[in-house]
Amino acid sequence: MTAVADGEPLIRWNWIGDHTDELTTLTLHHLKLALLPILFGLIIAIPLGIMCVRWRWLYPPTLGVANVLYGVPSLALFMLFIPYFGIGSGGQADFTIILPLTLFSLSVLVPNVVDGLRSVPEPVRQAATAMGFGTLRRLVQVELPIAVPVVIAGARVATVASISLVSVGVLIGNGGLGQEFIDGYSRDFTTPIIVSCVLIILLALFSDGVLVTAQRLLTPWARTRRSNG
Amino acid sequence: MNLTDQITAAWNWLTASSHWSGGDGIPHRLLEHLGYSALALAIAAVIALPLGALVGHTGRGGFIVVSFANLARAVPTLGLLLLVVTVTSIGLTPVIIPLIALAMPPILVNTYEGIRAVDADIKDAAKGMGMKGPGVLLKAEIPVAIPLILLGLRTAAIQVVATATIAAYAGIGGLGRYIVDGLARKDYPSVVGGSVLVVLLAVVVQLVFIGIRRAFVSQGLRGSSRTS
């Protein structure tokens, strides 16, 4: 493999204009592959986290599994699902990427849900009980809202990581914008690699911004308290 | 191939004596893998630990540090690897650069947050005992922040060990060779076996850091909370 030829610019700007359709399709597919795991992860992590807080013995083994999952290379996780959903892009084969990333997101989300619920001060819990809240109502109206900042902190880490990790999927033929990495690499052509790197970073920053906004909307009291000093 | 077959195939692959010797043997690949990981982690720590400590101590530039770390987290490691390979050539540099970029954000953010969160009373007490800035940092702030600093190093180490797999894609060694070569040859036992080795290595790294934590964190700080 040779280095880029002399005189070849790092970026050929006209390439971007010629490939907008392709880049748009890949970007949308990339978002689907990266964000569905976060959605599935939240749907599983919230009840699982609640159970781990309720039944304490459940948490150490769950945390152990989460820590192991966190250390598994995403490529290795993708491998395990190939026999079930196949290789390629689109349709059923997307689950070869989506399910492993869901497992990865759980490794970040579950500990954060548990930490968030445990961050609820005991007096607040007792006050809710004293006001006649049952266990379920206290959970939904008091404990989960207080846990929101910690849960969203986890969701932000998981989302940014997921958007970056999807591109590894290209090694098994389905990596969203990662496709351009291989195209550029195989032709010693840096433009597609740089453009998709930048697009991936922008997707991550944008998604992160959406989550920060969601947190502000879900915890209006945080702002009130700050402005009151 | 169902899960049982996968496990059997990976087990047979892992226990075959031919896989335990020579240049493509497991011990040699494992050492290569550890070598790249340790080098990247060491360089990242040399840059990020003092920077995080300084920013946390002075309280200046915290916003920039956290924003930079978030941006760095978003950089796709594979893209950076292939970009550096295309611009330079195959070798150690294209592998080490993305791994450093991967390791720096957790070390930087955790060091900064750890130092920043040190109780003002502790700092006042240190000053009251006659310590100047560097003394406060080295003798009061860093020891109190050690649990978070270690957490940052642990997160970085695990990510680096898991991601060093892609070194194989830049044409050099490490456990990733089994995965990338196995994939190219459609040799799934090699792919699964290689993956199992990387997972085991990540678990060992976790255990090493638990041990370090036991050894270095003072009694009074045990049970400190975790952040990302």
Side-chain angles (χ1 to χ4, degrees), chain A residues 1-4 10 64 67-77 79-80 82-84 108 111-112 115 118-119 150 153-154 156-157 160-161 163-168 170-172 175 177-178 180-182 184-190 193-194 196-198 200-205 207-208, chain B residues 1-3 5-6 67 70-90 102 106 154-155 157-159 161-166 168-171 175-176 179-180 182-183 188 191-192 194-206 225-228:
Chain A
M1 209 67 55
T2 51
V4 178
L10 271 178
N67 280 338
V68 171
L69 275 178
Y70 187 76
V72 182
S74 39
L75 187 56
L77 269 184
M79 297 302 153
L80 294 180
I82 291 178
Y84 306 99
V108 180
N112 275 67
D115 288 348
R118 285 190 180 161
S119 75
V150 183
R156 290 175 63 186
V157 172
V160 172
I163 289 174
S164 163
L165 286 177
V166 162
S167 56
V168 176
V170 71
L171 300 183
I172 57 163
L177 286 162
E180 301 288 355
F181 295 163
I182 299 298
Y185 176 62
S186 56
R187 290 187 284 151
D188 278 336
F189 182 33
T190 50
I193 308 182
I194 295 174
S196 40
C197 273
V198 170
I200 288 171
I201 294 171
L202 289 178
L203 285 183
L205 293 182
S207 311
D208 197 48
Chain B
M1 192 152 80
N2 63 30
L3 194 62
D5 292 344
Q6 280 186 336
S67 310
N70 281 338
L71 193 71
R73 267 192 237 265
V75 176
T77 314
L78 181 66
L80 192 54
L81 172 86
L82 295 181
L83 180 63
V84 183
V85 174
T86 310
V87 177
T88 62
S89 65
I90 273 178
L102 185 71
R154 188 181 84 178
T155 309
I158 289 168
Q159 287 188 336
V161 164
T163 312
T165 317
I166 62 170
Y169 219 78
L175 295 171
I179 300 178
V180 172
L183 202 56
Y188 286 107
V191 172
V192 179
S195 308
V196 169
L197 288 173
V198 180
V199 174
L200 288 178
L201 193 56
V203 172
V204 171
V205 169
Q206 296 246 15
S225 63
R226 56 182 290 284
T227 30
S228 64

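These figures come from a predicted structure and were not determined experimentally.
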| said: B/Gln159: which residues meet the side chain to side chain donor-acceptor pair (under 3.5 Å) condition with it, sequence neighbours left out? | reply: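 Side chain to side chain donor-acceptor pair (under 3.5 Å) list for B/Gln159, sorted by chain: A/Tyr70.
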| What residues form a side chain to side chain donor-acceptor pair (under 3.5 Å) with A/Asp208, not counting sequence neighbours? |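 If we apply the side chain to side chain donor-acceptor pair (under 3.5 Å) test to A/Asp208, skipping adjacent residues, the hits are A/Arg156.
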Using 0.5 Å steps for rounding, measure from the [atom1] atom of [X] to the [atom2] atom of [Y].
X: B/Tyr169; Y: A/Ile182; atom1: OH; atom2: CD1; answer: 3.5 Å
X: A/Tyr185; Y: B/Leu81; atom1: OH; atom2: CG; answer: 7.5 Å
X: A/Ile193; Y: B/Leu80; atom1: CD1; atom2: CG; answer: 10.0 Å
X: A/Leu165; Y: B/Leu78; atom1: CG; atom2: CG; answer: 10.5 Å

| message | Testing the basics here: between B/Ala74 and A/Ser164, what is the closest heavy-atom pair and its distance to 0.1 Å? | response |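 It is O-CB, 4.1 Å.
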| query | Of the non-hydrogen atoms in B/Leu183 and A/Leu171, which two are nearest, and what is the gap between them? | reply |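 Heavy-atom minimum between the residues: CD2-O, 3.5 Å.
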Does any heavy atom of chain A fall under 4.5 Å from the side chain of [X], the backbone, both, or neither of them?
X: B/Thr165; result: side chain
X: B/Leu83; result: both
X: B/Leu82; result: both
X: B/Val203; result: side chain

Where does [X] contact chain B at under 4.5 Å (heavy atoms): side chain, backbone, both or neither?
X: A/Leu205; answer: side chain
X: A/Leu69; answer: neither
X: A/Val170; answer: side chain

| request: Kindly indicate whether the side chain of B/Pro76, heavy atoms from C-beta on, has any atom under 4.5 Å from the side chain of A/Ile201. | output: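 B/Pro76 vs A/Ile201: side chains touch.
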| query | Taking the side chain as C-beta and beyond, is there a heavy-atom pair between B/Ile166 and A/Leu75 under 4.5 Å? | reply |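 No. Closest side-chain heavy atoms not under 4.5 Å.
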| said: Below 4.5 Å, heavy-atom pairs only: which of A/Gly154, A/Ala204, A/Gly178, A/Cys197 has the largest tally toward chain B? | reply: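 Max contact count across the listed options: A/Cys197.
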